[in-house]
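The next block holds one structure in the form of structure tokens; read it before the comments.
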Amino acid sequence: MKIAIVEDDINMRKSLEIAMSDYKEFKIITFKNAVDALKKLDSTFDLVITDINMPKMDGIEFVKELNGKYEVIIMTGNATLSRAIESIQLGVKDFLLKPFDVDTLVAAIKREDKIQKAQKRVPKKKSDASGFLGSSSALRKVLNIADKACKTDASILLLGQSGVGKEVFADYIHKNSPRAKKPFVAINMAAIPENLIESELFGFEKGAFTDATEAKAGQFELAQGGTLFLDEIAEMPYSLQAKLLRALQEKEVRRLGSSKSIKIDIRVVSATNANLEQKIKDGEFREDLYYRLNTIPLNIPPLSQRKDEILEIADAMIEVNCKKYSFKAKRLSEDAKKQLLSYAWPGNIRELLSVIERAVILSESDIIKTDELFLQNKIQ
Ligand SMILES: Nc1ncnc2c1ncn2[C@@H]1O[C@H](COP(=O)(O)OP(=O)(O)OP(=O)(O)O)[C@@H](O)[C@H]1O
Ligand SMILES: [Mg+2]
């Protein structure tokens, strides 16, 4: 197993190198900052272990840059524990609270190794965001509004913390709308470099800029007749917001480098986990665009307010994962259930799904025990 350790503190780095050299099964490469690591990381690495507080680029930003390409374990001191919540939302599944002993680190690496091996054995299926599991009264309330809104062409703004299911809702709205048979086109503002968002959205003609060797339709055109899902809308560059608003109001777009307008017929659903009202106050988001997108706001409550869903989703996902990995049926111990119910779930349903998958793989018997959930050293 080839592991990158990113740690700015030289003493910590050296002591980890020395301690880990006893384990021949792990090939450890250390980096003193995230910028160096980003340059050197390639597909031969199996795991990244990183500190959070570091000069140049901090661990959270680093994990964002990695963009899910590597499994990550975070090492953090108490002072940065709250930032570790962000890492969970980025898909980090494990973190170690400093100071920790080498056995704790090795145990975490071995867990990760076991999970990766189990995952390699099964063909990768893209997790689809179809269908809701769980039925809390809080969720039902939102679904009721969604059911009414579906039928219209009104713009819907999905609000809620990371991992609550905004994308699942967007998909639901499209599938239950009169546009269901037409395209559903999703575009994530946070995933596209800022300078490409405009051409992605609106398309371009051949020769519009240096690299435009061929004309290309934008996402607006591709969504013709269907639904355009603008994910992470708060990340949209301010300079483009006016252009987006104009396209929505006039129901037409113009490709870059073209003088011809194209009529568009789309329904817009957008989503964000940011506080847009604050962004408006700070001059980062246009108020007029906000009102245009926010005809019907749907506030999706965090999992901590949908407690009656937790065990329902957990049980369903245990079954799914046991089938996926060809294990005998497993179930939760009573204590494990209690812990799932009392945990804060900063990463919401996304975190619950990964905790359950991890527990199914790691549990030794057909009863999943509390310590196999690995929630104990996390934020309560
Ligand atoms: N009610 C649900 N039933 C089953 N799975 C769900 C449910 N809600 C969300 N999920 C799953 O949880 C994960 C996170 O959901 P989703 O991607 O929709 O969250 P999000 O709110 O868009 O998060 P982010 O703000 O980080 O983009 C996905 O794998 C999704 O399939
Ligand atoms: Mg999302």
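Every number for a ligand or one of its atoms is a count from 1 in the order of the listing. Model, not experiment: these values are computed from the prediction. The residues of the chain are indexed from 1 along the displayed sequence.
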Would R358 and F374 count as a cation-pi pair here, with the cationic atom under 6.0 angstrom from the ring centre and within 45° of the axis? no

With a 3.5 Å cut-off and no angle check, do the side chains of T370 and Q339 form a donor-acceptor pair? no

Atoms of ligand 1 less than 4.0 Å from L353 heavy atoms? 11 (C), 12 (O), 29 (O)

What donor-acceptor contacts under 3.5 angstrom involve side-chain atoms of residues 1-8, with partners at least two apart or in another chain?
{"unit_1": "K2", "atom_1": "NZ", "unit_2": "T44", "atom_2": "OG1", "d": "2.8"}
{"unit_1": "E7", "atom_1": "OE1", "unit_2": "K98", "atom_2": "NZ", "d": "3.0"}
{"unit_1": "E7", "atom_1": "OE2", "unit_2": "D9", "atom_2": "N", "d": "3.0"}

Scan side-chain atoms only and decide if Q119 and E357 contain a donor-acceptor pair under the 3.5 Å cut-off. yes

Which of parallel (below 30°), tilted (30 to 60°) and perpendicular (above 60°) describes F45 and F31? tilted

Is any side-chain N of the basic residue among K117 and D113 closer than 4.0 Å to the acidic one's carboxylate O? yes

Compile the donor-acceptor pairs under 3.5 Å between side chains in residues 327-337 and protein atoms, sequence neighbours left out, one pair per line.
{"unit_1": "K330", "atom_1": "NZ", "unit_2": "V360", "atom_2": "O", "d": "3.0"}
{"unit_1": "K330", "atom_1": "NZ", "unit_2": "S363", "atom_2": "O", "d": "3.1"}
{"unit_1": "K330", "atom_1": "NZ", "unit_2": "S363", "atom_2": "OG", "d": "2.8"}
{"unit_1": "S333", "atom_1": "OG", "unit_2": "A336", "atom_2": "N", "d": "3.0"}
{"unit_1": "S333", "atom_1": "OG", "unit_2": "I368", "atom_2": "O", "d": "3.3"}
{"unit_1": "E334", "atom_1": "OE2", "unit_2": "K337", "atom_2": "NZ", "d": "3.3"}

List ligand 1 atoms under 4.0 Å from V168, heavy atoms only on the residue side. 8 (N), 9 (C), 10 (N), 18 (O), 30 (C), 31 (O)

Check each heavy atom of V164 against ligand 1 and say whether those closer than 4.0 Å belong to the side chain, the backbone, both or neither. both

Counting only nitrogen or oxygen atoms and a 3.5 angstrom limit, does I313 reach ligand 1? no

Considering only heavy atoms of F132, which atoms of ligand 1 have at least one such atom less than 4.0 Å away? 1 (N), 3 (N)

N273 heavy atoms, cut-off 4.0 Å: which ligand 1 atoms fall inside? 25 (O)

Judged by modelled atom types alone, do Q161 and N348 share a side-chain donor-acceptor pair under 3.5 Å? yes

Would you indicate which of R306, E167, E309 comes nearest to atom 22 (O) of ligand 1 when only heavy atoms are counted? E167

Does G163 reach ligand 1, in the sense of a heavy atom lying below 4.0 Å from it? yes

Any idea which of I349, D171, L143 brings a heavy atom closest to atom 7 (C) of ligand 1? I349

Filtering S162, G165, S135, P302 for the heavy atom nearest atom 16 (P) of ligand 1 leaves G165

Could you list the atoms of ligand 1 found under 4.0 angstrom from a heavy atom of E232? 27 (O)

